[in-house]
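Order of listing sets the numbers, starting from 1, for every ligand and every atom in it. Residue numbers start at 1 and run along the sequence shown.
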Amino acid sequence: MVNHRGSSHNHMRTASTAKFISRKQSPRAIAVYIFLLFAFSIFIFVFNAGNIVEDHPAPVISIQSHPQTKFLQTADDELWDAPSRHGLRPCIKPTSRYKAAHGSDRYLTVKSNGGLNQMRTGISDMVAVAYIMNATLVIPQLDRRSFWQDSSIFSDIFDELHFITTLQGNVRIVRELPKELELVPRARKHFTSWSSMGYYKEMMQLWNDHQVIHVAKSDSRLANNDLPLDIQRLRCRALYHALHFSPPIESLGKKLVDRLRMRSGKYIALHLRYEKDMLAFTGCTSGLTDAESEELRIMRENTKHWKVKDINSTEQRIGGFCPLTPKEVGIFLQAIGYPPSTLIYVASGEIYGGDARLSELMSFFPNLVFKEKLATKEELNAFAKHASQSAALDYIVSLESDVFVPSYSGNMARAVEGHRRFLGHRKTITPDRKGLVRLFDELESGQLRETSSFSDLVQQMHKNRQGAPRKRKGPSPGIKGKARFRTEESFYENPYPECICSSKVV
Ligand SMILES: *[C@@H]1O[C@H](CO)[C@@H](O)[C@H](O)[C@H]1NC(C)=O
Ligand SMILES: *[C@@H]1O[C@H](CO)[C@@H](O)[C@H](O)[C@H]1NC(C)=O
């Protein structure tokens with residue numbers, strides 16, 4: 001996850017040129033080489049400026065000149081400004097090769113599984129699958145059985161009419177299966193995860209015997225990479241243009257954003273994924289009481305679809321696989337340089353450990369707000385019993401924030417980060433959890449002090465983790481077969497380059 005590539009290259013280049021120069025003696029030769037080096041650097045600079053593939057280092061924050069104060073005065077624009085987008089823009093128009101789809105009398109019914117964002121990206125993939133398979137898509141059924149236990153139907157969460165009309169000419173979408181097809185036997189399929197275009201073309205054989213295919217799960221059914229450009233752009237049109245939240249959610253979401261802006265102008269949205277299910281699933285118990293750890297262990301034991309039961313919490317944490325605790329988030333944001341007065345919107349469900357645990361963050365940043373504090377009881381009533389609808393409000397406020405900070409890399413974090421990249425590389429600071437845990441432990445054991453040297457290390461570590469333009473990462477090297485798909489960066493986490501282009505291209 002960490003992007004060290006750029007900086008280590010620079011180090012190597014400097015070292016090898018230094019050796020090169022030291023072999024030459026004549027002053028004139030040195031002058032010539034210096035000139036050549038200079039010209040070469042300019043060339044490299046121009047060349048790189050045209051091929052932005054990595055985060056660009058932010059200016060190094062100079063801390064040497066500061067006294068040993070606890071709060072560094074990091075410049076305001078460094079804290080709040082988005083990274084340079086280098087003229088990149090969203091590009092989702094079909095290419096000239098794109099064939100508009102016409103109506104089809106073959107139908108795809110879908111059961112969309114998972115939490116809000118897993119469903120959103122799954123539904124967008126199903127739009128692409130319906131297009132590839134030349135099918136009419138029936139508005140998907142939503143998961144009611146996940147941890148969130150939400151009984152919402154599609155039109156409660158999404159703007160159904162907008163979804164249907166926006167995708168006209170791409171895929172025909174209907175609200176319900178025609179009456180006469182309700183009772184015909186369907187082909188019931190669990191499509192293979194991360195499948196290619198070829199797989200779905202093959203699946204079209206099912207049409208020989210069936211008029212309706214039922215897809216039992218919608219998450220991660222389509223590959224992240226190696227799909228035609230037009231399929232990738234269709235996924236972006238589906239997610240970013242067609243799949244809007246329902247009008248009541250959009251409207252309250254906007255009000256919450258306005259109220260935050262009225263309070264202080266700028267705000268951080270913190271996705272604090274410190275909820276019971278996440279801690280039980282990851283087996284992270286650092287900072288919890290024995291009773292709490294035991295409660296989580298029992299929940300994990302009893303949740304059938306979580307396959308890993310025996311987890312060493314210490315190893316999880318050292319590996320960077322745990323969500324940051326509220327206290328760790330406080331230390332982290334302070335080290336980055338945000339002043340204690342910073343307004344922080346906390347996007348989350350119920351925090352495990354409640355107010356007692358939140359107070360550990362509040363002691364660093366007293367200006368914490370939740371939707372429950374921003375909206376009236378009446379406004380929230382309609383959403384109260386619907387976890388997915390509340391999550392949609394959090395999504396809107398997070399998307400619009402000046403800075404987005406996810407404490408864990410789950411579906412919501414990935415979806416928000418990708419959407420922010422798409423809209424113009426808005427600032428997203430992704431904590432390097434593995435690196436931070438190491439520093440926190442040094443701090444704890446007294447090897448480091450909570451002063452500028454600690455801050456400097458944290459800032460250095462996150463210089464290239466602020467959401468600047470870079471291409472989506474492929475699979476981890478050395479991993480073969482299907483397992484490599486799991487290690488790829490998700491398409492919706494970073495739709496660059498397919499749906500983000502330089503202005504010249506479009
Ligand atoms: C799509 O399906 C319809 C019938 O449902 C058929 O008439 C049409 O030829 C198909 N198009 C392609 C490209 O297979
Ligand atoms: C968990 O892992 C740590 C570090 O590898 C080790 O020191 C510890 O003994 C392990 N705990 C258990 C209960 O296995």
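- Below 3.5 Å of separation, one finds an N or O of Asn134 facing an N or O of ligand 1.
- Taking the six-membered ring where the residue is Trp, Phe154 and Phe163 present tilted rings, their angle falling between 30° and 60°.
- For the pair Thr314 and ligand 2, the shortest N or O to N or O distance does not fall below 3.5 Å.
- None of Glu292, Glu328, Glu275 except one satisfies the salt bridge (Lys or Arg N to Asp or Glu O under 4.0 Å) rule with Arg357; the exception is Glu292.
- Here the side chain of Asn113 pairs a donor or acceptor atom with the backbone of Ser218 at under 3.5 angstrom.
- With hydrogens and angles left out, the side-chain atoms of Lys427 and Gln466 include a donor and acceptor closer than 3.5 Å.
- Each of Tyr345, Phe245, Phe404 was evaluated against Tyr395; a single residue qualifies, Phe245, per the ring-ring contact (aromatic ring centres under 6.0 Å, His included) test.
- By the 30° and 60° cut-offs, the orientation of the rings of His419 relative to Tyr240 is tilted.
- Of the protein's heavy atoms, at least one falls inside 4.0 Å of atom 2 (O) of ligand 1.
- The option with the heavy atom closest to atom 8 (C) of ligand 2, from among Ile311, Asn312, Ile318, is Asn312.
- In this structure, atom 10 (C) of ligand 2 is in close contact with the protein, since a protein heavy atom lies within 4.0 Å of it.
- For atom 14 (O) of ligand 2, a protein heavy-atom neighbour is present inside the 4.0 Å cut-off.
- Crowding of Glu176 atom CD: a count of heavy atoms from other residues, nucleotides or ligands under 6.0 Å not exceeding 12.
- Taking a cut-off of under 4.0 Å to the non-hydrogen atoms of Asp105, the atoms of ligand 1 that pass are 4 (C), 5 (O).
- Here is the list of ligand 1 atoms found below 4.0 Å of a heavy atom in Ser104: 2 (O), 5 (O).
- The closest non-hydrogen atom to atom 5 (O) of ligand 2, taken over Arg317, Glu315, Gln316, comes from Glu315.
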